[in-house]
There are 2 protein chains.
Amino acid sequence: MADGRGLSSGNSDSLLFLTDEQIRQGSEAMFFAYRGFTADPDRILIDLAYGRAHHRAIHFINRAPGTTVNNLLNILGVTKQSLNRVLRTLISDGLVQSRVGRNDKRERHLYLTDPGRALEQQLSDAQRARMRAAFRDAGPEAVAGFRTVLEAMMDPELRQSYIRLKDSST
Amino acid sequence: MADGRGLSSGNSDSLLFLTDEQIRQGSEAMFFAYRGFTADPDRILIDLAYGRAHHRAIHFINRAPGTTVNNLLNILGVTKQSLNRVLRTLISDGLVQSRVGRNDKRERHLYLTDPGRALEQQLSDAQRARMRAAFRDAGPEAVAGFRTVLEAMMDPELRQSYIRLKDSST
DNA sequence: CAGTTTAAGTCAGTCATGTTGACATTCCAA
DNA sequence: TTGGAATGTCAACATGACTGACTTAAACTG
């Protein structure tokens, strides 16, 4: 960090991938790829007057049915007030169902309704189509590297959430 | 897309990375990693009353000094009204300089001032630290795969912008 | 040269989504 | 059983995207 130029130029090229220039290109790749990543579902959501926040909520409720509001909060990284607005519209539109907890009545457990699942399917189909094409073009080794780097880039806390979700679906 | 379950389960595992479940994990990895990716600069920007949009503008002006407003618009993918608000504050805060074009006087060419460059350095240092650590942990092959997949995920138009920037800096 | 196009900037209005603050309900432990 | 902690909700506000309509200046074109 201190030198601002990364590795000095005399090094063996086995570390070329750690130069500041390489890192910067990695950042730009993240930026441009993320745009592509969200573009397809975004287009669908416009017509529904929903935004990306709705998509995220739907995605993770589908992924972990019965999850509580608080749990969803931690995964999404927003305030509960912000999530609540999204949830309220999804519930009143009949896409999400909220059930009072049996053991702890303070908790609300969230589930997708049939229409909610249909929308989730539509959104994730759109998103997956692009990613599947990218995976196919890049090949299995590149995909493995892709995931390794992304995992290393996460905050440790979020990495745990990610791994927990990953393992829960096997 | 039509089957909704990706590859059938009887296939050889050489294509296992293309199952819907794998793709979904890739999406979640993107989501969580992008959060980490933006977290560090975001923390710095809060104190300055700037947002992510300011960071992006500063980044790309630094990357392509003398770029025009229109060019920046295409790269950032926002409306000119939106960019203009950002640019106005950056210029009036003395971080960005706007010069009338020599050949075409309608154009404005954008440059970072010394304080602008200093902030760019601070922001990208924060962002690069995380990515450098991730790259180091993952190793060169993973990094290559990471970039391959991200590139394949971009919109073709943005991929061109990305490649142009990449090549211009060698 | 007149008319059109292009680049940039502005004003107004809308919307999604983030924030803080206040509050109700429920649970749990001293 | 009472007071604090946890969970979720409502209200108000801020921010930064967006669209649409418009102005100004310069460049291009028939």
Side-chain angles (χ1 to χ4, degrees), chain A residues 31 34-35 38-39 41-61 66-93 95-111 119 123, chain B residues 31 34-35 38-39 41-43 45-58 61 66-93 96-111:
Chain A
F31 172 68
Y34 200 78
R35 289 258 300 277
T38 56
D42 279 0
R43 264 189 289 276
I44 296 173
L45 291 160
I46 287 174
D47 299 330
L48 304 171
Y50 289 155
R52 221 172 274 176
H54 298 82
H55 181 196
R56 292 194 287 252
I58 289 174
H59 174 98
F60 286 108
I61 293 173
T67 186
T68 63
V69 173
N70 213 10
N71 185 29
L72 204 49
L73 237 42
N74 293 325
I75 287 177
L76 296 178
V78 295
T79 59
K80 60 180 174 174
Q81 294 87 335
S82 192
L83 175 60
N84 192 255
R85 184 179 337 104
V86 168
L87 245 30
R88 198 165 22 185
T89 68
L90 290 176
I91 290 171
S92 76
D93 290 351
L95 300 177
V96 168
Q97 195 191 358
S98 161
R99 299 185 204 154
V100 173
R102 274 206 310 141
N103 295 337
D104 188 334
K105 289 179 185 165
R106 293 171 304 180
E107 295 180 339
R108 301 296 132 90
H109 298 272
L110 303 169
Y111 301 86
L119 177 58
L123 290 170
Chain B
F31 171 68
Y34 199 78
R35 288 259 299 279
T38 56
D42 279 359
R43 266 189 288 276
L45 290 160
I46 287 174
D47 299 330
L48 303 171
Y50 289 153
R52 220 172 275 175
H54 297 82
H55 181 196
R56 292 194 286 253
I58 288 175
I61 293 173
T67 186
T68 62
V69 172
N70 219 1
N71 185 28
L72 203 51
L73 237 42
N74 292 326
I75 286 177
L76 295 179
V78 294
T79 59
K80 62 176 175 176
Q81 294 90 331
S82 197
L83 176 59
N84 195 256
R85 186 180 337 110
V86 168
L87 242 31
R88 204 167 9 184
T89 68
L90 290 176
I91 290 171
S92 76
D93 291 351
V96 168
Q97 195 192 357
S98 162
R99 298 184 205 154
V100 173
R102 274 208 307 144
N103 296 338
D104 189 332
K105 290 178 187 167
R106 292 171 305 180
E107 294 180 339
R108 301 296 134 88
H109 299 273
L110 302 169
Y111 301 87

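In the text below, chain A, chain B and the rest are named by the order of the sequence lines, each starting its count at 1. On a predicted model such as this, the values are computed, not experimentally measured, just so you know.
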Rounded distance (Å) that lies between atom [atom2] of [N] and atom [atom1] of [X]:
X	N	atom1	atom2	value
A/D42	D/dA17	CG	C1'	12 Å
A/E107	D/dA6	CD	P	13 Å
B/N70	C/dG9	CG	P	10 Å
B/L73	D/dT19	CG	P	11 Å
B/I46	D/dT15	CD1	P	13 Å
A/L45	D/dC18	CG	P	15 Å

Exercise. side-chain hydrogen bond (donor to acceptor under 3.5 Å, both in side chains) with A/T89: which residues, sequence neighbours excluded?
Worked result: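 Residues passing side-chain hydrogen bond (donor to acceptor under 3.5 Å, both in side chains) with A/T89: A/H54.
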
For this session: Mind telling me whether B/Y34 and A/Y34 have parallel, tilted or perpendicular rings, with 30° and 60° as the class edges?
Result: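 Correct class here is parallel.
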
Seminar exercise, completed: Per-nucleotide protein contact along nucleotides 16-29 of chain C, 5' to 3', at a 4.0 Å heavy-atom cut-off (B base, S sugar-phosphate only, - neither), is SBBBBB----BS--

Exercise. Between A/T68, A/T67, A/N74, which is the residue that forms a side chain to side chain donor-acceptor pair (under 3.5 Å) with A/N71?
Worked result: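 In the set A/T68, A/T67, A/N74, the residue that makes a side chain to side chain donor-acceptor pair (under 3.5 Å) with A/N71 is A/T67.
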
Exercise. Out of C/dG9, C/dA8, D/dC10, which has the shortest distance to the side chain of A/R88?
Worked result: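 Within the option list, the nearest is D/dC10.
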
Problem set entry | Trace of the side-chain contact (heavy atoms from CB on, under 4.5 Å) decision for A/H55 with A/L45 | CA-CA 8 Å; A/H55 181 196; A/L45 291 160; 3.7 Å; yes

